[in-house]
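Values below: every heavy atom of this structure, side chains too, minus hydrogens, waters and symmetry copies. The chain is numbered in sequence order, starting from 1.
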Amino acid sequence: MKKILLATVAVLGFASVASAADLRPLPARPVVAPVYNWTSCYVGGYVGGAWNAEAVRASDVNGYDFPYSGFYDVWNYDLKSSFLGGGTLGCNWQPVGSPWVIGAEGEIGYLRLTSSALDFPFDPLQSINSSVKIGDWYGMATARLGYAWDRALVYIKGGVAFVDVEATVTDPIANPFFVASTSESLATWTVGGGIEWAFDWNWSVKAEYMFIGLDNVSACGFNTNAALVPVGSYCWNHELDGIHTAKIGLNYRFGGGAPLVARY
């Protein structure tokens, strides 16, 4: 009988210890912080400024004024800076667990760089005028490569740019009916980069710099006034180095920022 009582007491003792252990609080679970992911497509808008990289140099190719001035027409002048504005459409892909972000982006906007110069101080008989206009529109198609720290993204991008360029040369005093001109839509290159910050799951702001390279363009015209120079075609080469652009923008992401991985 004693043995039965001792066994019963032992069982009850173990049961009470187990119950007490069950009542102890469980260890706290670590807080899960969602990590921002840049995989998404987006639309956006931007404003900024554009300016010419170097002075335009326009030079007489085949000596329009040579018969009566003794030297060729050469101009060096700066294009005026311009407002920049437009919209973007693009997509990003960030592999799960990787800080690298790959993307493609299209951009179309407005800029207008213009200026002109007379050679009057050097050739008072002619006052030949050279003028250049870049704009009123431009476009870009670029690839992006970025590195992300959660909601912050630093990136570089480059690709092709499309720019409308006009160049004109006139001789309003000696030959007012002569006009040499060209209007071309140039396909050229562009490169740059920026930084972007997602202040919300769907919204982000960016600051970006891009350089647009430009090719030279020739303004040509046909002279019919044989009294001044021989009848024929005359051209002026305009050397255009490129365009600097700087902008700030706002993007909206469709389903952007979904936390695909977790950080403890």
Side-chain angles (χ1 to χ4, degrees), residues 48-86 108-140 160-191 210-245:
W51 62 99
N52 187 221
E54 290 184 5
V56 174
R57 177 179 172 84
S59 55
D60 189 355
V61 175
N62 46 7
Y64 176 79
D65 65 340
F66 182 75
Y68 51 86
S69 71
F71 53 84
Y72 299 97
D73 289 296
V74 177
W75 299 267
N76 286 279
Y77 54 93
D78 292 320
L79 295 174
K80 299 174 183 177
S81 58
S82 168
F83 167 80
L84 181 77
I108 188 166
Y110 167 88
L111 60 80
R112 183 185 176 93
L113 302 172
T114 63
S115 193
S116 63
L118 289 169
D119 68 356
F120 178 79
F122 309 102
D123 191 353
L125 295 176
Q126 295 185 79
S127 297
I128 297 181
N129 178 71
S130 167
S131 63
V132 169
K133 185 188 84 168
I134 301 175
D136 298 307
W137 67 272
Y138 79 98
M140 291 183 185
V160 62
F162 306 92
V163 185
D164 193 52
V165 178
E166 297 178 13
T168 305
V169 173
T170 59
D171 187 358
I173 293 179
N175 193 355
F177 299 103
F178 175 77
V179 177
S181 65
T182 184
S183 179
E184 304 179 27
S185 294
L186 301 179
T188 181
W189 58 273
T190 182
V191 66
M210 295 296 294
F211 180 82
I212 302 173
L214 291 178
D215 294 327
N216 299 343
V217 295
S218 290
C220 297
F222 192 84
N223 175 58
T224 58
N225 190 344
L228 298 175
V229 292
V231 172
S233 180
Y234 295 85
C235 297
W236 283 260
N237 185 51
H238 291 71
E239 300 175 17
L240 307 173
D241 183 68
I243 306 169
H244 298 287
T245 71

Undergrad: What residues, two or more places apart in sequence or in another chain, satisfy ring pair (Phe, Tyr, Trp, His ring centres under 6.0 Å) together with Phe211?
TA: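 Applying ring pair (Phe, Tyr, Trp, His ring centres under 6.0 Å) to Phe211 gives Trp189, His244.
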Undergrad: Looking at CG of Leu186 and CG of Leu240, how far apart are the two atoms once the value is rounded to the nearest 0.5 Å?
TA: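 Reported value, rounded in 0.5 Å steps: 8.0 Å.
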Undergrad: Which residue pairs pass the salt bridge (charged side-chain N to carboxylate O under 4.0 Å, His left out) test with at least one member in residues 127-136, sequence neighbours excluded?
TA: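 Of all non-adjacent pairs touching residues 127-136, those that pass salt bridge (charged side-chain N to carboxylate O under 4.0 Å, His left out) are Arg112-Asp136, Lys133-Asp136, Lys133-Glu166.
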Undergrad: Compare every heavy atom of Ile212 with every heavy atom of Ala161, then report the nearest pair and how far apart it is.
TA: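 In terms of heavy atoms, the two residues are closest at CB-CG2, 3.9 Å.
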Undergrad: Please identify each residue that fulfils side chain to side chain donor-acceptor pair (under 3.5 Å) with Ser233, with sequence neighbours left out.
TA: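 Listed in chain order: nothing, the list is empty.
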Undergrad: Parallel, tilted or perpendicular: which describes the rings of Tyr234 and Phe178, with under 30° parallel and over 60° perpendicular?
TA: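 The arrangement is perpendicular - the two ring planes meet at more than 60°.
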Undergrad: First locate atom CZ of Phe162, then atom CE of Met140, and finally report the distance between them rounded to the nearest 0.5 Å.
TA: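 With rounding to 0.5 Å, CZ (Phe162) is 11.0 Å from CE (Met140).
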Undergrad: Looking at residues at least two apart in the chain, or sitting in another chain, which of them share a side chain to side chain donor-acceptor pair (under 3.5 Å) with Thr190?
TA: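 Thr190: no side chain to side chain donor-acceptor pair (under 3.5 Å) contacts found.
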Undergrad: Is there a side-chain contact between Asp171 and Asn223 (heavy atoms, below 4.5 Å)?
TA: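 A side-chain contact is absent here, since even the closest heavy-atom pair is not under 4.5 Å.
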Undergrad: Is any side-chain heavy atom of Asp164 closer than 4.5 Å to one of Trp137?
TA: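 They are in side-chain contact.
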Undergrad: Can you confirm whether Leu79 sits close enough to Trp51 that some side-chain heavy atom of one is under 4.5 Å from a side-chain heavy atom of the other?
TA: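 Answer no - side chains too far apart.
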Undergrad: Tell me the closest heavy-atom pair linking Ser218 and Asn237, and the distance in Å.
TA: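 Taking every non-hydrogen atom into account, OG-OD1, 3.4 Å.
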Undergrad: Any chance the side chains of Tyr77 and Ser130 put a donor and an acceptor closer than 3.5 Å?
TA: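 The criterion, which ignores hydrogens and geometry beyond distance, is satisfied for Ser130 and Tyr77.
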Undergrad: Which heavy atom of Gly49 sits nearest a heavy atom of Leu84, and at what distance?
TA: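 In this case the closest contact between Gly49 and Leu84 is N-CB, 3.7 Å.
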Undergrad: What are the two closest non-hydrogen atoms of Ile243 and Ala50, and how far apart are they?
TA: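 Scanning both residues completely, I find the closest heavy atoms to be CG2-CB, 4.0 Å.
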Undergrad: With sequence neighbours excluded, tell me which residues meet side chain to side chain donor-acceptor pair (under 3.5 Å) with Ser82.
TA: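 Ser82 satisfies side chain to side chain donor-acceptor pair (under 3.5 Å) with no other residue.
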Undergrad: Excluding sequence neighbours, so at least two apart, what forms side chain to side chain donor-acceptor pair (under 3.5 Å) with Asp215?
TA: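 Side chain to side chain donor-acceptor pair (under 3.5 Å) list for Asp215, sorted by chain: empty.
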Undergrad: Spell out, as yes or no, whether a donor-acceptor pair under 3.5 Å connects the side chain of Ser115 to the backbone of Lys80.
TA: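 No; judged by distance alone, with no hydrogens or angles, the pair does not exist.
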Undergrad: Would you find more than 12 non-hydrogen atoms of other residues, nucleotides or ligands less than 6.0 Å from Phe177 atom CZ?
TA: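 No, not enclosed.
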Undergrad: Which distance, rounded to the nearest 0.5 Å, do you find between the OG of Ser59 and the CG of Asn76?
TA: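 Output value for this atom pair is 9.0 Å.
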Undergrad: Return the minimal non-hydrogen interatomic distance between Ala180 and Gly221, and the atom names on each side.
TA: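 Scanning both residues completely, I find the closest heavy atoms to be CB-N, 3.4 Å.
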Undergrad: Hey, does the side chain of Thr245 reach the backbone of Met210 with a donor-acceptor pair shorter than 3.5 angstrom?
TA: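 Flag set: sc Thr245 to bb Met210 pair under 3.5 Å.
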